[in-house]
Amino acid sequence: MTQPEPVGELPLLTTAELPDGVRVPVRALRAPAPERFLPSGSGPAPGPPPAPAVLILPAMGTPARFYRRFARHLHGEGLTVLTADLRGQGEAATPRATGRGARDHGYRTHDHGYRALVEEDLPAVLRAVRAELGPEPPLYLLGHSLGGQLSLLYAAVGAGPAVDGVALVASGSVWFRAYGPLRAPGLLLGQVLIAATATALGRWPGARLGFGGNQPKGVMRDWAHQGLTGRYAAKGATLDYEAALAALELPVLAVSVEHDTLAPASALDHLLGKVPRARLTRRHHTAREAGARLDHFAWTRAGGPLAKQVAAWATAEGRPERGRAARG
């Protein structure tokens, strides 16, 4: 009889402190350290490099604990796996975010958007991760949905410690035209209404309305702006995000998922068109491969075969001869 997989909380590795004092727990399953034999009377013998590390960045409104099962699959393939919530979600939600009548959902200002996530919050998390892991292990971001977009933007902008590559799973641009002529009008209308609602209320009550979780208006307005224009231009950003993406030369693993209507292959193609210099590996994950039904979220529950692909990619790209990025 097959025993159910353990899905308990991952061990706490460290806690990152964001610039305004919000604390984000970082949980991890660490790969065993490689054995390095030290013959008597000699110095340290050369040994295998440390296992790659992968930090999972969640989808909009999705707590990091949702990825525990997939994290265990990745760890089972020999990787160090880390999870951290985006601000205002899961363990990074403050009492202000969950209290009755809360208006800012745990964000310091209602305008907290993509710029603060990419240039302030993620650098703080990556610095805390590097402080624990040290400089040697290759470090990759694995982003789901919005987490994938933020992963690419972080890697391109370079506002914090460098990463060695980005894996995108069930992610893509939300530009309405990337969804085809039948779906584009409805998506366009939805983006306009969501931006208007968030602006009028000063927040997006997504937990009540069934999309995106609770968010400040800044996140939803930046999301809608990219959806309406096809371009990343976060409010308050002084950097040109589109130019930074166009210059990105890191390895990128891009995985579309069968039956994913929220991030179809066409939306991923539009996002990948922004990183023409990246070393791209493209995959389409099917229900036949997974042995289970798939959609935008269900892939995490049947992630064993996909974890093997991610681990093989990260291990190959992490070899010294592949010329890993210098780390900050």
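Only a predicted model underlies this, so the values are computations on that prediction, with no experimental measurement involved.
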Inset, instruction - Could you tell me whether F176 and W223 have their ring centroids closer than 6.0 angstrom? - result: no

Inset, instruction - Assess whether side-chain contact (heavy atoms from CB on, under 4.5 Å) is satisfied between Q89 and M60, documenting all intermediate values. - result: CA-CA 9 Å; Q89 312 302 317; M60 180 187 289; over 6 Å; no

Legend entry - Test side-chain contact (heavy atoms from CB on, under 4.5 Å) applied to L272 and L168, step by step: CA-CA 10 Å; L272 295 176; L168 308 171; 4.0 Å; yes

Legend entry - Residues that S173 engages under side chain to side chain contact (heavy atoms under 4.5 Å, CB included), provided they are two or more places apart: W175, Q226, H270, L271

Legend entry - Nearest-0.5 Å distance, CG of residue D222 to NZ of residue K235: 9.0 Å

Inset, instruction - Please list, chain by chain and in numerical order, all residues satisfying salt bridge (Lys or Arg N to Asp or Glu O under 4.0 Å) with E249, sequence neighbours excluded. - result: R277

Inset, instruction - List for me each residue that meets ring pair (Phe, Tyr, Trp, His ring centres under 6.0 Å) alongside Y179, sequence neighbours excluded, and say none if there are none. - result: none

Inset, instruction - Evaluate the side-chain proximity of L268 to P264: yes if any heavy-atom separation is below 4.5 Å, no if none is. - result: no

Inset, instruction - With sequence neighbours left out, write down each residue that passes ring pair (Phe, Tyr, Trp, His ring centres under 6.0 Å) with F66, or none if nothing qualifies. - result: F297

Legend entry - Single-linkage hydrophobic cluster L209~L146, side-chain heavy atoms < 4.5 angstrom: yes

Legend entry - Set of side-chain hydrogen bond (donor to acceptor under 3.5 Å, both in side chains) partners for S256, sequence neighbours left out: R282, H284

Inset, instruction - Give a yes or no answer on whether the side chain of D85 reaches the backbone of A64 with a donor-acceptor pair at less than 3.5 Å. - result: yes

Legend entry - Partners meeting side chain to side chain contact (heavy atoms under 4.5 Å, CB included) with A155 (sequence neighbours left out): V163, V166, L248, L250

Legend entry - Atom CZ of R183: over 12 foreign heavy atoms under 6.0 Å: yes

Legend entry - Min side-chain heavy-atom separation D295-T261 under 4.5 Å: no

Inset, instruction - Could you list the residues that satisfy side chain to side chain contact (heavy atoms under 4.5 Å, CB included) with A53, not counting sequence neighbours? - result: T80, L82, L133, L139

Inset, instruction - Would you confirm whether T315, through its side chain, and A311, through its main-chain N or O, come within 3.5 Å as a donor-acceptor pair? - result: yes

Inset, instruction - For residues L188 and P185, determine if any side-chain heavy atom of one lies less than 4.5 Å from a side-chain heavy atom of the other. - result: no

Inset, instruction - May I ask whether L122 and L13 are part of the same hydrophobic cluster, defined by side-chain heavy atoms of I, L, V, M, F, W, Y residues being less than 4.5 angstrom apart, directly or through others? - result: yes

Legend entry - Cluster link L280 to V275, ILVMFWY, side chain under 4.5 Å: yes

Legend entry - Flag side-chain contact, heavy atom, 4.5 Å: T14 against V129: no

Inset, instruction - List the steps, then state whether side-chain contact (heavy atoms from CB on, under 4.5 Å) holds for L57 with L142. - result: CA-CA 6 Å; L57 294 186; L142 187 153; over 6 Å; no

Inset, instruction - Give the minimum heavy-atom separation between V24 and A92, together with the two atoms involved. - result: CG2-CB, 3.9 Å

Inset, instruction - Work out which heavy atom in A51 is nearest to a heavy atom in P137; give both atom names and the distance. - result: O-CB, 3.7 Å

Inset, instruction - Please answer whether the main-chain N or O of W299 pairs with a side-chain N or O of R301 as donor and acceptor at a distance below 3.5 Å. - result: no

Inset, instruction - Identify the heavy atoms of A237 and E119 that sit nearest to each other, and give their distance. - result: CB-OE2, 4.0 Å

Inset, instruction - Give a yes or no on whether V26 and L10 share a hydrophobic cluster (residues Ile, Leu, Val, Met, Phe, Trp, Tyr; joining criterion: side-chain heavy atoms under 4.5 Å apart). - result: no

Inset, instruction - Kindly give the heavy-atom pair with the smallest separation between A290 and P305, and that separation in Å. - result: CA-CG, 4.1 Å

Inset, instruction - Any chance you could measure R127, atom CZ, to R130, atom CZ, to the nearest 0.5 Å? - result: 13.5 Å

Inset, instruction - State plainly whether the residues E258 and R288 are in salt-bridge range, i.e. N to O under 4.0 Å. - result: no

Legend entry - Short side-chain to backbone donor-acceptor contact, R231 and H225, under 3.5 Å: no

Legend entry - side chain to side chain contact (heavy atoms under 4.5 Å, CB included) against T15, all qualifying residues, sequence neighbours excluded: L12, R23

Inset, instruction - Could you please spell out the steps behind the side-chain contact (heavy atoms from CB on, under 4.5 Å) verdict for Q149 and V174? - result: CA-CA 10 Å; Q149 299 176 61; V174 295; 4.2 Å; yes

Legend entry - Qualifying residues under salt bridge (Lys or Arg N to Asp or Glu O under 4.0 Å), relative to E77, sequence neighbours excluded: K308

Legend entry - Taking every non-hydrogen atom, the tightest pair across L126 and L55: CD2-CD2, 3.8 Å

Inset, instruction - State the CZ-CG distance between R279 and L253, to the nearest 0.5 angstrom. - result: 12.5 Å

Legend entry - Whether N214 side chain and A207 backbone form a donor-acceptor pair below 3.5 Å: yes

Legend entry - Donor-acceptor under 3.5 Å (W313 side chain, P251 main chain): no

Inset, instruction - Starting at CZ of R68, measure out to CG of L29 and round the result to the nearest 0.5 Å. - result: 11.5 Å

Legend entry - Check: A198 main-chain N/O paired with Q215 side-chain donor or acceptor under 3.5 Å: no

Legend entry - Sub-4.5 Å side-chain heavy-atom contact between P19 and D121: yes

Inset, instruction - May I ask you to test the S151-Y140 pair for a side-chain heavy-atom distance under 4.5 Å? - result: no

Legend entry - Any donor-acceptor N/O pair, R208 side chain to P205 backbone, under 3.5 Å: no

Inset, instruction - Check for a donor-acceptor pair, side chain of T83 on one end and backbone N or O of I56 on the other, with a separation under 3.5 Å. - result: no

Legend entry - Inter-residue atom distance T300.OG1 - F70.CZ, 0.5 Å rounding: 8.5 Å

Legend entry - For H296, ring pair (Phe, Tyr, Trp, His ring centres under 6.0 Å) partners two or more places apart: H144

Legend entry - Short side-chain to backbone donor-acceptor contact, E242 and Y232, under 3.5 Å: yes

Inset, instruction - Taking the side chain as every heavy atom from C-beta outward, state whether Y67 and T62 have any pair of such atoms under 4.5 Å apart. - result: yes

Legend entry - ILVMFWY network linking F211 to L86, side-chain heavy atoms under 4.5 angstrom: yes

Legend entry - Distance-only side-chain donor-acceptor flag, D260 / H285, under 3.5 Å: no

Inset, instruction - May I ask you to check whether H112 and R87 show a side-chain donor-acceptor distance below 3.5 Å? - result: yes

Inset, instruction - Mind checking side-chain hydrogen bond (donor to acceptor under 3.5 Å, both in side chains) for Y114 and listing every partner two or more places apart, or none if nothing turns up? - result: none

Legend entry - Nearest-0.5 Å distance that lies between atom OG1 in T199 and atom CD1 in I194: 11.5 Å

Inset, instruction - Mind checking salt bridge (Lys or Arg N to Asp or Glu O under 4.0 Å) for R27 and listing every partner two or more places apart, or none if nothing turns up? - result: E9, E91

Legend entry - Minimum heavy-atom distance G172-A263, with the two atoms named: N-CB, 4.3 Å

